[in-house]
Amino acid sequence: MTVDWTSLEEKWRQRWHAEKQFESDPSTKKKFFVTVAYPYPNSPQHIGHGRTYTLADVHARFMRMMGYNVLFPMGFHYTGTPILGMARRVQENDKELIETFHTLYRVPEEKIREFIEPVKIADYFHQEIKTGMIEMGYSIDWRREFTTIDPVYSKFIEWQFRKLKEKNLVIQGTHPVGWCPKDQNPVSQHDTLGDVEPSFAEYIIIKFRYDGYVLPTATLRPETIFGVTNLWINPDVTYEIVKVDNESWIISSECATKLEFLNKKIVRISKIIGRDLVGKKAKVPERDDEIFVLPATFVKSENGTGIVMSVPAHAPFDYQALEDLKKNASQHPNLPVITDIKPVSIIETEGYGEIPAQDVIRIFQIDNQNNPKLEEATKEIYSKEFYGGKLKHNTGRFAKKTVSEAKEEIKKWILASGNADILYELNEAPVRCRCGAECVVKLLANQWFLNYSDREWKQKAHSWINEMKILPEEIRNEFNNVVDWLRERACARQHGLGTKLPWDKNWIIESLSDSVIYMAYYIIAKYVNSKEISSDNTCDSFFDYVFLTEGDLKKVSSDCKIKPEVVEKIKDEFQYFYPVNARHSGRDLVPNHLTFFIFNHLAIFPRKCWPEEIVVNGSVMMDGKKMSKSMGNIIPLRDAISVHGADSIRLAILISAELLQDADFNQEAVRGIKNKLETMLDECTKYRPSKNIDLQQEDRWLQSRLQQLIAKTTYSMQKMRLREALHYVLYEFESDLQWYLKRVETKSRTDFSGILHENLSARVAMMSPFAPYVSEEMWSRLGNPSLVSKSEWPIPVERKIDFQSIQSENLLKLTLGDIKNIIKVTKISPKKITIYTASPWKVKAYQKVLSQIIDGQVNIGELIKSLITDKDTEEIKRYPDFVKKTVNDILSESREERESKNKVELIDEEKVLSELHFIIQSEFGIPLRVFSESDTNKYDPKNKARAARPYKPAILIE
RNA sequence: GCGGGGGUCGCCUAGCCUGGUCAACGGCGUAAGGCUCAGAACCUUAUCUCUUAGGAGUUCGUGGGUUCAAAUCCCACCUCCCGCACCA
């Protein structure tokens, strides 16, 4: 039978919708508030996105069945810059992007044309993603939907930021960014040609002085000031004399431009050619001596200031330039000093000699200053010395410090005396903006930051992280690490969609900062959507009242012009649903969003509203490979749904890995699951409830197993070990069913329909959070008029577990297995089979051994001793192997099994095993006889009976 | 470099915290058989090596150690992946 998944899903979706299944309002029930990080609508969602949402949905559905009033809402994060960049690219007719919209995302032509407007892009993918979520069967309360550019949301964010500012957690500072001088805008990766991330490094400008002028050099290694022997200047470059904040600097003209963007006041005075400076003497700051300015061709005007300080002992370029100069000393008759210049070693590093620069130059076989390998040599020595180097005695008070710690101190020291400054330099210059202009680094003045460096705030975050529930447990430590290294974070930018900073309208609140407490807004959104409140009503006192229960109801009501009962209702709803009970997200959000989420909740809300639990999941791989556009292996979720159906996808994603692992999605697995579901669905029409049958052993067994499976599945669900839970529901149930059917069929029974119905019903109920659509269908085919998503999660009943039957059926299975094994190994075709159960004294001995093992005694010698002293079991002497084998038998079973056997005490093996003849008869068509080892009249031609042990009968096959 | 997570029987994965349940779950793949006109699907069985009696041997990145007992605990090493910021 083939199933029409599309219409099956549609049918149940409509019923859920009609019955308002997932809309939740405050009630007298316990609540459970589960949220997921909302999507950024700049593309349709793919299988990978589906994982987090599916996980959260399963959680929501499970808790609903456990009797909670579950709220699972969804919003859309419009704030941010990527959509802006995309709109610009559409306007510029970017072929690649339009092609992606066309073929991969299948956006209609007329829509693409609208995409020059950023909000249209967001709106389009918003609807696309929402439809996908509905199709996936997510049990979302859509009345609470919103976007982050809704006016009321902005009011809410303004409130949030005023609160943070009141608490001094928003501070102001200066911050460098990649910048397009033409667009007058910061640039990120999306804005550059070739999508280069405009990264930059901080250089320290060190001011050497000559004749009233400053000769600045830029370096990454301020600590090497102690090893400077000379300056390098390019004799052929024309430098500029520039007034920089009341000093006269001699720098390249490129450098002058860079400085302008770093908020320096620049006045260009005149020019000077490099060679005119050669041979001059410059004063070294912080050192009471002078050095010569020497010529070098490796010096480029576009790098740094165009002047370089020379540290030949530790910088390969400098060493080589000096060597080159010495070789050609005859060409510089006016510079007799050059032969006297010697490298000054100031850092010692394991693996290097006195002059590390010389060492690397030898290793890299470099012979002149224009050799490209010098770059590599420089990098190597830099990193080795930075992490492993120590400053020598000739570095004053910094002696003996490691380079990594001294660097920062020395920088501060020189800066403090006014002999240094800071220059930012793009790492991979030139970086070009999409508009074509070359990017620079701009120092944005008065940038706003969230002060995650705040000691007290960090402390608070740490202690809550240690207290809250975090799944999986392994990730808790990572949160603590993040809190430790987090520092000030820019929380506003100058372009993008979003809310303006309330006290400084030039800034827009950045997207990772306006998405940290929005779960509270889901309560508000319902009333915005129902038009009961609007942005005219929502002032700070309203939020104070609803979220913090601060202020006076009457005053709030008149301030906001909302009826007091409405204000009160909203407040009560918030107070009912908050805190967030579970927040789900991918692990990529641990170092940012999830941690900010904790920080901000602690800052703004009272203790009772702090989030209770975070659940983190890994990502999804496609056939073992990372998903990426360039690999072309991104499958839009909606495409996958139309091919495989939502349920199969949900199961495939969840069953392939535990929480934190990357899940692998592959087509074969999905198909397998789909077939399995179809078979199961078929089964659900076969069985009907029935009463009053005579329960046989296998019936009691199946019922007991059901209880055990319910207990195990429930436990796994509570730990969010969904793979494991699914495993029980899909596979362990299956194998139990298989055995049961074999048993009843070989016994030619016809009265078991009710038993299977009971079993299947529980199974379907437990499957419904995972595969909601098909479970509804199964549920209804099993004869239930109501919805399974509204049903109760099965409760395991311990007293329904009959350990006797469990042991009995196990004995049958094991014995059957042994018989098959013997037949396989001996390759005989059996004519008849005889089974011998162990003598009563062996059973006694077994029980003694078992109970002693449970008490922790595994020493075989001790066990034998205690058995011999007991008259009932003294016969053990004649069977030296018995104890060892029995101990092994017992140890090779689970603790559970042992306990269970210990509880049962003894089963009548002879009686149990006689049941086996049904199966033997049906499978081999031969007779089976059972004797006790102690039966003196037994048929035992090969003397096999003596090998019998409890739970391990002896077997004779002829 | 710092921080985090891995390396398991063809592939993907579970087990590791709390040592004996482990030749190690399950899925995929492969092979044989059943069902079928045939196929798909489904079901059964097998899938480290050896074995004419239910057994034995060698395995869980490598090398040591602890223990009656180690995939699991400890130490060292090799190796792969991810994050390191103003970007969602």
Side-chain angles (χ1 to χ4, degrees), chain A residues 1-2 37 39-40 42 77 79-83 175 177 186 188-190 197 199 383-384 386-388 404 447 449-450 473-475 477-478 481-482 484-493 510-513 515 587-593 618-619 621 623-624 626 652 655-658 660-669 671-676 678-679 682 721 723-724 726-727 730-732 735 738 741-742 814-815 817-828 853 858-861 887-888 890-898 923 942 944 947 952-957:
Chain A
M1 181 193 62
T2 46
Y40 184 69
N42 70 338
H77 198 195
T79 320
T81 53
I83 286 176
H175 181 65
V177 293
S188 63
Q189 193 172 348
H190 314 271
E197 178 70 36
S199 66
S383 115
K384 287 267 168 61
F386 182 76
Y387 295 113
S404 53
Q447 166 77 286
F449 295 89
L450 282 172
E473 189 55 46
E474 301 98 276
I475 208 99
N477 205 9
E478 210 165 311
N481 290 328
V482 172
D484 282 335
W485 66 253
L486 217 55
R487 31 174 228 260
E488 298 80 8
R489 181 189 170 84
C491 61
R493 34 168 51 236
E510 174 270 338
S511 57
L512 254 56
S513 303
S515 58
R587 74 175 309 175
D588 51 327
L589 298 188
V590 171
N592 41 66
H593 167 263
S619 59
M621 312 277 274
D623 292 315
K626 214 172 150 170
I655 206 163
S656 87
E658 278 298 347
L660 210 53
Q661 283 283 337
D662 288 342
D664 188 51
F665 186 88
N666 64 75
Q667 311 275 343
E668 287 76 30
R671 262 198 293 277
I673 284 165
K674 194 165 156 188
N675 291 330
K676 187 159 209 86
E678 292 182 358
T679 315
D682 215 20
R721 302 175 64 135
R723 188 196 105 105
E724 193 172 78
L726 209 39
H727 196 263
L730 247 35
Y731 302 114
E732 281 210 29
S735 57
Q738 230 81 62
L741 284 174
K742 181 186 258 185
L814 289 175
T815 309
D818 279 350
I819 289 171
K820 287 188 173 169
N821 203 352
I822 295 168
I823 292 172
K824 182 189 150 203
V825 171
T826 57
K827 299 188 182 88
I828 56 180
I853 286 179
V858 290
N859 186 304
I860 290 173
V887 169
N888 281 340
I890 294 171
L891 283 179
S892 71
E893 277 169 344
S894 68
R895 184 157 297 156
E896 225 178 11
E897 272 298 303
R898 293 177 212 162
E923 291 202 4
K942 294 242 172 95
K944 287 273 180 195
K952 191 76 179 171
I955 299 166
L956 171 66
I957 300 178

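What you see is a predicted model; the values in this text were computed from it and never measured. A note on names: the letters A, B, ... follow the listed sequences, proteins ahead of strands, and every chain is numbered from 1.
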Fill in the blank from the handout: Across all chains, not counting sequence neighbours, the side-chain hydrogen bond (donor to acceptor under 3.5 Å, both in side chains) partners of A/Asn666 are A/Asp664
Practice task
Describe the nucleic acid contact of A/Pro39 in one word from base, sugar-phosphate, nothing, applying a heavy-atom distance below 4.0 Å.
Solution key: nothing
Practice task
With sequence neighbours excluded, tell me which residues meet salt bridge (charged side-chain N to carboxylate O under 4.0 Å, His left out) with A/Glu478.
Solution key: A/Arg587
Exercise for the section: Kindly write out the residues that satisfy salt bridge (charged side-chain N to carboxylate O under 4.0 Å, His left out) with A/Lys674, not counting sequence neighbours, or none if the list is empty. Expected result: none
Practice task
Mark up nucleotides 2-19 of chain B, 5' to 3', with B wherever a protein heavy atom is under 4.0 angstrom from a base atom, S wherever such an atom reaches only the sugar-phosphate, and - elsewhere.
Solution key: -SS-------SSSS----
Exercise for the section: Applying side-chain contact (heavy atoms from CB on, under 4.5 Å), name anything that partners A/Glu923, two or more places apart in sequence or on another chain. Expected result: A/Lys742, A/Lys820, A/Ile919
Exercise for the section: List in chain and number order the residues that pass side-chain hydrogen bond (donor to acceptor under 3.5 Å, both in side chains) with A/Glu488, two or more places apart in sequence or in another chain; answer none if no residue qualifies. Expected result: A/Ser453
Problem - Phosphate OP1/OP2 of B/rA41 contacted by A/Asn675 side-chain N/O (<4.0 Å) - result: no
Exercise for the section: Quick one: the dot-bracket string of RNA chain B, using Watson-Crick and G-U wobble pairs with both distances under 3.5 Å, [ ] for crossing pairs and | for bases paired to another strand. Expected result: ((((((((.[[[..)....(.....]]]((((((.......))))))(((....)))...[[[[[..)....]]]]])))))))....
Handout entry: 5' priority, RNA chain B, between A/Ala492 and A/Asn821 [closest heavy atom]
Key = A/Asn821
Fill in the blank from the handout: Residue set satisfying side-chain hydrogen bond (donor to acceptor under 3.5 Å, both in side chains) with A/Ser515, at least two apart, ordered chain then number -> none
Handout entry: Partner set under side-chain hydrogen bond (donor to acceptor under 3.5 Å, both in side chains) for A/Glu724, not counting sequence neighbours
Key = A/Ser716, A/Arg721
Exercise for the section: Could you tell me whether A/Ile673 contacts a base, only the sugar-phosphate backbone, or nothing, with contacts defined as non-hydrogen atoms closer than 4.0 Å? Expected result: nothing
Set out, line by line, the N/O atom pairs under 3.5 Å between protein and nucleotides 30-35 of chain B.
none

Practice task
Please name all residues satisfying side-chain contact (heavy atoms from CB on, under 4.5 Å) with A/Asn592, sequence neighbours left out, ordered by chain then number.
Solution key: A/Leu512, A/Leu589, A/Phe596
Atom pairs, N/O to N/O, protein against nucleotides 43-47 of chain B, distance under 3.5 Å?
unit_1	atom_1	unit_2	atom_2	d
B/rU44	OP1	A/Gln738	OE1	3.2

